[in-house]
Asks: 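Sending over a structure as structure tokens; questions will come in a sec.
Any value given below was found using the heavy atoms of this structure, including those in side chains, with hydrogens, waters and symmetry copies removed. Chain A is the first sequence line, chain B the second, and so forth, proteins listed ahead of strands; every chain is numbered from 1.
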2 protein chains.
Amino acid sequence: MGATIRDVAQAAGVSVATVSRLVNGTGRVRDDTARRVQTAIDRLGFRPNAIGRNLSTARTRTLGVVIPSLSNPVFADAVAGINAEAKAQGYTLMFMATDYVRTDEQALVGTLLAYQVDGLILTVADAADSPVLDALDRDDVPYVLIYNQPTARNRPTVTVDNVTAGREVADFFADLGHERLAMVSGTLTASDRARARRDGFVAGAEARGLAAPRVLEVDFVDLDADAAVAPLFADRTGAPTALFCSNDLLAISVIGALGRLGLGVPADVSVIGFDGIAVGAQLHPTLATVAQPSREMGRVATTRLLARLAGETAAPATVLPHTLRPGESAGPAAKPCPADLQVPFHHNGRSPS
Amino acid sequence: MGATIRDVAQAAGVSVATVSRLVNGTGRVRDDTARRVQTAIDRLGFRPNAIGRNLSTARTRTLGVVIPSLSNPVFADAVAGINAEAKAQGYTLMFMATDYVRTDEQALVGTLLAYQVDGLILTVADAADSPVLDALDRDDVPYVLIYNQPTARNRPTVTVDNVTAGREVADFFADLGHERLAMVSGTLTASDRARARRDGFVAGAEARGLAAPRVLEVDFVDLDADAAVAPLFADRTGAPTALFCSNDLLAISVIGALGRLGLGVPADVSVIGFDGIAVGAQLHPTLATVAQPSREMGRVATTRLLARLAGETAAPATVLPHTLRPGESAGPAAKPCPADLQVPFHHNGRSPS
DNA sequence: GTGAAAGCGCTAACAC
DNA sequence: GTGTTAGCGCTTTCAC
């Protein structure tokens with residue numbers, strides 16, 4: 001497409017080595033030579049071919065990013081953070097989405113590696129049981145996980161404490177007077193963090209002496225929220241009054257489904273999500289959630305990866321603080337009232353207060 | 001990191017050419033040779049170095065994507081569509097965000113070009129006045145614009161008809177009985193499409209015999225919605241009853257600000273956005289909007305770019321259909337009632353109906 | 001301070 | 001069918 005280093009060298013009457021030295025600031029070049037070369041560069045519109053450079057240096061200043069999906073703001077935000085930091089450090093991103101197809105992880109990472117990315121930032125289905133990560137470890141490829149749950153193998157990870165967060169959610173509900181808790185989660189085998197959240201939630205409920213929460217596993221990718229939620233409320237007498245959803249997008253769908261079931265949020269059912277996506281705060285009722293600092297997580301993961309690339313050997317897990325963010329979707333449990341006065345279900349989302 | 005083609009050749013007792021032929025399926029290889037080579041490949045875990053290949057073929061099977069930001073779902077969705085189609089065609093994305101800094105476009109594209117992307121998909125601030133695009137045209141770099149407004153220069157674009165859409169919004173409001181329209185737009189110089197929407201909107205209002213809508217230009221990037229919206233309602237008697245926001249994110253912020261001003265939506269002010277981001281439908285009131293098929297736009301743009309790369313010379317603009325999606329945020333104009341009965345402003349979002 | 005030349009890993013003629 | 005070899009555009013010794 002453009003001029004090569006040889007063209008420039010020729011035009012300036014110098015060798016390619018000199019051009020290279022000038023362009024990269026490596027090695028000294030006499031002033032007037034530099035001027036001559038620079039003129040040629042400008043005139044020819046020379047832009048060094050990164051591919052040629054990469055081949056020769058065996059570095060690309062390129063980072064690979066593999067995440068489940070860009071359509072979930074939580075990942076889009078993380079990528080925005082990754083990108084911001086990468087850009088600031090002179091790195092460029094190559095990007096791949098698994099679309100939650102676990103078996104695709106391997107191939108996507110393979111593609112990125114073929115392009116000789118200097119390192120990877122990824123969210124895998126399960127960090128504790130991951131052929132991809134095993135392969136990366138074996139080949140000693142620098143990577144940092146993001147969102148994934150830390151494991152016994154001490155893989156480098158930037159995440160929040162999902163177990164504690166789950167426990168806090170149980171506490172939060174218990175404090176509000178709820179006694180029958182339940183969780184709606186995306187496919188648990190597809191998300192180690194969802195499992196961690198559940199574990200914390202279940203443990204928290206037990207610690208508070210509540211019945212073990214029912215855990216409903218749903219297909220998050222193409223979700224029929226109505227069908228998914230219905231079973232929980234088939235027997236309305238024993239139905240849960242508080243629902244923990246493993247992520248915000250799921251929580252939003254669930255709230256919609258509850259409405260169509262004639263259940264008000266939070267009048268009949270309290271709902272809390274996880275992630276802290278921006279829109280949650282704009283909903284009515286505003287979405288209670290456990291907020292993760294997604295953008296920051298992306299930033300930190302990038303910083304750690306670049307440090308690793310620079311030779312540092314960093315700590316296995318960076319645990320960033322999460323925030324249980326109350327919202328209108330989670331309210332106190334309804335006071336039990338005399339049976340004959342009870343009005344258990346309303347057909348709009350509003351409670352008679 | 002891994003084995004080279006030479007290692008494989010040596011291990012299999014063949015030449016590199018044979019390995020190359022087998023790996024790329026170019027040229028015939030005897031069955032037993034193939035087996036031997038394949039064994040070596042598997043044993044050594046050989047993965048062809050794309051950089052080497054790229055240098056030699058002068059193609060990278062890599063597409064560059066430049067958009068304003070990933071944090072706006074409208075762009076995230078488009079990138080998701082681009083990625084899906086690219087992936088299906090064996091292409092990988094390199095990604096850059098301008099963060100709405102117009103002057104960065106040039107450099108970002110430059111970086112992508114240095115990496116020898118085969119083509120670009122981009123959204124620029126203004127397609128009609130863009131040094132970047134001029135440069136791309138001059139160097140004959142294949143690209144397709146997305147979201148940008150088609151211009152006289154017939155640059156390849158995948159978009160919706162923003163002008164018509166704007167006109168439809170004016171009609172929509174007029175049909176609802178609104179007489180005082182206004183628009184809140186992101187920086188107009190930073191968005192050719194916002195200008196087009198405004199033009200259509202203004203023209204539409206005029207066609208319906210309404211007063212020229214006031215157009216408020218706000219800094220979308222770090223927006224103080226309260227301060228931005230206030231001037232419109234300083235004089236509440238002549239204040240607009242219907243607001244067109246140049247995008248959904250802006251509309252959401254504006255609705256929040258209106259609430260804090262004591263103005264109900266849609267009771268006191270009707271609001272419509274633009275983009276059709278998914279969360280709009282989850283808001284209460286649901287967000288009226290002009291929906292663009294973002295994911296599909298990304299897909300189509302990619303298809304067109306790949307066709308161009310394959311040698312086809314495609315049409316300048318592909319205009320995809322938009323959909324004016326009514327929502328609760330846009331309702332009929334309040335019937336004027338006798339002055340002494342009038343209750344113009346309420347301090348919650350709900351009208352006394 | 002500058003140049004010559006040997007690669008980096010691969011593909012693609014071109015020979016055989 | 002298979003091997004030889006000349007690059008692709010760049011960096012980087014090593015001489016001078």
Asks: Would you kindly give the CD1-to-P distance between B/I41 and C/dC10, to the nearest whole Å?
Replies: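 My rounded result for the distance is 10 Å.
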Asks: For the residue pair B/T4 and B/N49, establish whether any side-chain heavy-atom pair is separated by less than 4.5 Å.
Replies: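 In short, these two side chains do not touch, never coming nearer than 4.5 Å.
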Asks: What is the distance, rounded to the nearest whole Å, between atom OH of B/Y115 and atom C1' of D/dC10?
Replies: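 Nearest whole value for this atom pair: 14 Å.
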Asks: Measure the distance from CG on A/L22 to P on D/dT12 and round it to the nearest whole Å.
Replies: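 In whole Å, D/dT12 P lies 15 Å from A/L22 CG.
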Asks: Considering only heavy atoms from C-beta outward, does the side chain of A/D126 approach that of A/T189 to under 4.5 Å?
Replies: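 No, every pair of side-chain atoms sits at 4.5 Å or beyond.
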Asks: Atom pairs, N/O to N/O, protein against nucleotides 3-6 of chain D, distance under 3.5 Å?
Replies:
unit_1: D/dG3; atom_1: OP2; unit_2: B/S15; atom_2: N; d: 2.8
unit_1: D/dG3; atom_1: OP2; unit_2: B/S15; atom_2: OG; d: 3.2
unit_1: D/dG3; atom_1: OP2; unit_2: B/T18; atom_2: OG1; d: 2.6
unit_1: D/dG3; atom_1: N7; unit_2: B/R21; atom_2: NH2; d: 2.7
unit_1: D/dG3; atom_1: O6; unit_2: B/R21; atom_2: NH1; d: 3.1

Asks: Return the set of residues passing side-chain hydrogen bond (donor to acceptor under 3.5 Å, both in side chains) with A/R59 (not counting sequence neighbours), or none when no residue passes.
Replies: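 For A/R59, the residues satisfying side-chain hydrogen bond (donor to acceptor under 3.5 Å, both in side chains) (neighbours in sequence not counted) are A/Y91.
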Asks: Would you indicate whether the side-chain heavy atoms of B/Q38 and B/V29 approach each other to under 4.5 Å?
Replies: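 With C-beta onward as the side chain, the pair stays apart.
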Asks: Under 6.0 Å from the CD atom of A/Q10, do we count more than 12 heavy atoms belonging to anything else shown?
Replies: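 Open: at most 12 neighbouring heavy atoms sit under 6.0 Å from CD of A/Q10.
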Asks: Please tell me if the side chains of B/P48 and B/I5 come closer than 4.5 Å, counting only heavy atoms from C-beta onward.
Replies: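 They are not in side-chain contact.
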Asks: Between A/Q116 (CD) and C/dG9 (C1'), how many Å, whole number?
Replies: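 Going from CD in A/Q116 over to C1' in C/dG9 covers 9 Å.
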Asks: Hey, what are the protein-to-nucleotides 7-9 of chain D N/O distances that come in under 3.5 Å?
Replies:
unit_1: D/dC8; atom_1: OP2; unit_2: A/R6; atom_2: NH2; d: 3.4
unit_1: D/dC8; atom_1: O2; unit_2: B/L55; atom_2: O; d: 3.4
unit_1: D/dC8; atom_1: O2; unit_2: B/S56; atom_2: N; d: 3.1
unit_1: D/dG9; atom_1: N2; unit_2: A/G52; atom_2: O; d: 3.0

Asks: Side chains of B/T187 and B/F220, heavy atoms from C-beta outward: is any pair under 4.5 Å?
Replies: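 No, their side chains stay 4.5 Å or more apart.
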Asks: CG of B/D31 versus P of D/dG1: gap in Å, rounded?
Replies: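 Interatomic distance, CG of B/D31 to P of D/dG1: 9 Å.
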Asks: Just the rounded figure in Å: distance from P of D/dT2 to CZ of B/R35.
Replies: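 Those two atoms, CZ and P, are 12 Å apart.
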Asks: Taking the side chain as every heavy atom from C-beta outward, state whether A/R304 and A/V158 have any pair of such atoms under 4.5 Å apart.
Replies: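 Touching, per the 4.5 Å side-chain cut-off.
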